[in-house]
Amino acid sequence: MTKNEKKRRKRILREFEHSEEDFFTIDKTKNTAKIDLSFERVSDVFDVNYVTKIPVLSDDFLDWFASAFKIIPARYRIEFSVSFRDYEGFTKEQLNDIFWKNIMLDVKSKQAAQKKRNSIAYGLIAIGVAFFIGMLITEFRWKADSMAKIIFSYVSDIATTVAFWEGLTILIVERRENRSYLKDITKRFVGVRFT
């Protein structure tokens, strides 16, 4: 690799290192990234199919919120600024209250879904253990080498591996993602301003 290629690579890496500044307003003194969202009406961020005491935020809005923690580097805290042309009778204080209650509801629903997936994971691990024990028993108890024994051992080996793999993926990877989301809300999220 030539010196010019090395210099070029270093320059490109430096440009990529702070590429978020091309998309978001970064306050380096506060270490905060500001995300601006603009909508025509307040009802554009609500899921109109729910009939509830307070409006439910749309999945799109919650996805924008969650994705901010993924696209903005972890060294920055995040502040949302949401603007509407038509407030449709809502005050900024009401919208702030609705936002926080929806975030709490979203976290609770994610935790409940994770509990269900954890139950499935424990079930898969139990199935994996059962297949593994069956495979061991077959290996030591089944004396005659037959095609049926080979097939059963082969199927048990695959079933054991898949069950453990899927169960542990749920318990380790998905649980970590949910914890990360909750940690981001509590540590990185500065707040939301309705303008």
Side-chain angles (χ1 to χ4, degrees), residues 9 11-121 166 169-195:
R9 282 189 178 183
R11 182 179 47 80
I12 290 171
L13 287 174
R14 276 193 303 265
E15 288 175 12
F16 282 139
E17 187 176 341
H18 298 288
S19 61
E20 66 275 357
E21 294 175 18
D22 294 334
F23 297 94
F24 308 105
T25 304
I26 306 292
D27 183 345
K28 292 194 178 188
T29 59
K30 294 181 181 177
N31 225 23
T32 303
K34 182 179 165 195
I35 297 175
D36 295 312
L37 296 172
S38 180
F39 300 95
E40 187 66 32
R41 298 178 313 277
V42 171
S43 57
D44 291 343
V45 301
F46 296 145
D47 189 331
V48 294
N49 296 317
Y50 283 104
V51 179
T52 56
K53 293 179 183 177
I54 64 169
V56 175
L57 291 174
S58 70
D59 290 339
D60 286 339
F61 189 85
L62 292 171
D63 288 344
W64 291 323
F65 177 74
S67 70
F69 299 109
K70 294 176 186 173
I71 61 176
I72 294 178
R75 66 180 175 266
Y76 295 115
R77 295 173 40 186
I78 297 171
E79 176 183 358
F80 276 90
S81 177
V82 184
S83 63
F84 302 101
R85 286 182 192 235
D86 182 4
Y87 272 85
E88 298 179 313
F90 287 96
T91 65
K92 293 175 184 177
E93 292 78 22
Q94 286 174 317
L95 290 174
N96 198 29
D97 186 51
I98 289 168
F99 174 81
W100 280 107
K101 286 182 179 177
N102 272 270
I103 294 302
M104 287 188 279
L105 181 65
D106 187 46
V107 168
K108 284 181 88 170
S109 68
K110 283 183 184 340
Q111 288 174 336
Q114 185 62 47
K115 281 184 181 181
K116 288 180 185 177
R117 285 193 297 274
N118 287 350
S119 297
I120 292 169
E166 291 297 324
T169 298
I170 292 170
L171 287 175
I172 296 170
V173 176
E174 290 184 16
R175 184 182 287 180
R176 185 169 185 224
E177 288 174 2
N178 280 340
R179 282 186 185 157
S180 176
Y181 178 65
L182 184 58
K183 183 180 173 185
D184 283 338
I185 290 172
T186 57
K187 300 213 180 211
R188 290 184 61 202
F189 183 57
V190 175
V192 62
R193 288 186 311 112
F194 293 95
T195 58

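The figures that follow rest on heavy atoms only: side chains count, while hydrogens, waters and symmetry mates do not.
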Handout entry: Considering all heavy atoms, the nearest Val82-Val192 contact
Key =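 Looks like CG2-CG2, 3.8 Å.
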Exercise for the section: Check whether more than 12 heavy atoms from other residues, nucleotides or ligands sit under 6.0 Å from atom CZ of Phe39, and answer yes or no. Expected result: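 Result for CZ/Phe39: enclosed.
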Handout entry: Phe65 ring center within less than 6.0 Å of Phe189 ring center
Key =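 Yes - the distance between ring centres of Phe189 and Phe65 falls below the 6.0 Å cut-off.
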Problem - salt bridge (Lys or Arg N to Asp or Glu O under 4.0 Å) pairs, two or more places apart, involving residues 104-117 - result: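 Pairs touching residues 104-117 that pass the test: Asp106-Lys110, Arg117-Glu174.
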Practice task
Name all pairs fulfilling the salt bridge (Lys or Arg N to Asp or Glu O under 4.0 Å) condition that reach into residues 32-45, sequence neighbours left out, sorted by first residue then second.
Solution key: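 Qualifying pairs, neighbours excluded: Lys34-Asp36, Glu40-Arg85, Arg41-Asp44, Arg41-Glu88.
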Handout entry: Pairs meeting criterion salt bridge (Lys or Arg N to Asp or Glu O under 4.0 Å) with involvement of residues 46-68, two or more places apart
Key =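 Found none.
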Practice task
Mark yes when over 12 heavy atoms from residues, nucleotides or ligands other than Tyr50 sit less than 6.0 Å from its OH; otherwise mark no.
Solution key: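 For Tyr50, atom OH is not crowded (no more than 12 foreign heavy atoms under 6.0 Å).
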Problem - Exercise: identify the closest heavy-atom pair between Leu171 and Ala121 - result: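 Here Leu171 and Ala121 meet closest at CG-CB, 3.6 Å.
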Handout entry: Where Tyr76 and Thr32 come nearest, the two heavy atoms and their spacing
Key =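 That would be CD2-N, 4.2 Å.
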Problem - Closest heavy-atom pair and its distance - Phe80, Trp64 - result: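 Shortest heavy-atom separation between Phe80 and Trp64 comes out as CZ-O, 4.1 Å.
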Problem - Euclidean distance, Phe99 CZ relative to Ile54 CD1, rounded to 0.5 Å - result: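 Answer rounded to 0.5 Å: 12.5 Å.
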Problem - Distance, nearest 0.5 Å, that separates CD of Gln114 from OG of Ser119 - result: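 Those atoms lie 10.0 Å apart.
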Exercise for the section: Any chance you could lay out the side chain to side chain contact (heavy atoms under 4.5 Å, CB included) test for Phe46 and Leu57, step after step, and finish with the verdict? Expected result: CA-CA 4 Å; Phe46 296 145; Leu57 291 174; 3.9 Å; yes
Exercise for the section: Begin with the C-alpha distance, continue with both residues' side-chain angles, and end with the deciding distance and a verdict on side chain to side chain contact (heavy atoms under 4.5 Å, CB included) for Lys30 and Val190. Expected result: CA-CA 10 Å; Lys30 294 181 181 177; Val190 175; over 6 Å; no
Practice task
Output, in order, the C-alpha distance, side-chain angles, deciding distance and verdict of side chain to side chain contact (heavy atoms under 4.5 Å, CB included) for Arg176 and Ile172.
Solution key: CA-CA 6 Å; Arg176 185 169 185 224; Ile172 296 170; 5.7 Å; no
Problem - Asp86: partners by side-chain hydrogen bond (donor to acceptor under 3.5 Å, both in side chains), with sequence neighbours left out - result: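 Partners of Asp86 under the side-chain hydrogen bond (donor to acceptor under 3.5 Å, both in side chains) test: none.
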Handout entry: Heavy-atom check, side chain of Ile98 versus side chain of Phe90, under 4.5 Å
Key =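 In short, these two side chains touch, coming nearer than 4.5 Å.
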Exercise for the section: Could you list the residues that satisfy side chain to side chain contact (heavy atoms under 4.5 Å, CB included) with Glu93, not counting sequence neighbours? Expected result: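 Residues passing side chain to side chain contact (heavy atoms under 4.5 Å, CB included) with Glu93: Thr91.
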Problem - Where Pro55 and Asn102 come nearest, the two heavy atoms and their spacing - result: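 Here Pro55 and Asn102 meet closest at O-ND2, 3.1 Å.
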Handout entry: Stepwise side chain to side chain contact (heavy atoms under 4.5 Å, CB included) test for Leu95 and Phe84
Key = CA-CA 11 Å; Leu95 290 174; Phe84 302 101; 3.8 Å; yes
Exercise for the section: Could you pull out the closest heavy-atom pair between Ile35 and Ala68, with the gap in Å? Expected result: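 So the two residues come closest at CD1-CB, 3.3 Å.
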Handout entry: side-chain hydrogen bond (donor to acceptor under 3.5 Å, both in side chains) pairs, two or more places apart, involving residues 183-195
Key =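 Every pair satisfying side-chain hydrogen bond (donor to acceptor under 3.5 Å, both in side chains) with a residue in residues 183-195: Glu79-Arg193.
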Problem - Separation between CG of Asn31 and CZ of Arg77, rounded to the nearest 0.5 Å - result: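 Asn31 atom CG to Arg77 atom CZ measures 8.5 Å (nearest 0.5 Å).
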Practice task
Mind checking the CZ-CD spacing from Arg179 to Gln111? Nearest 0.5 Å is all I need.
Solution key: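 Arg179 CZ to Gln111 CD: 10.5 Å, rounded to 0.5 Å.
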Problem - Between CD1 on residue Ile185 and CZ on residue Phe69, distance to nearest 0.5 Å - result: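 The CZ atom of Phe69 is 6.0 Å from CD1 of Ile185, to the nearest 0.5 Å.
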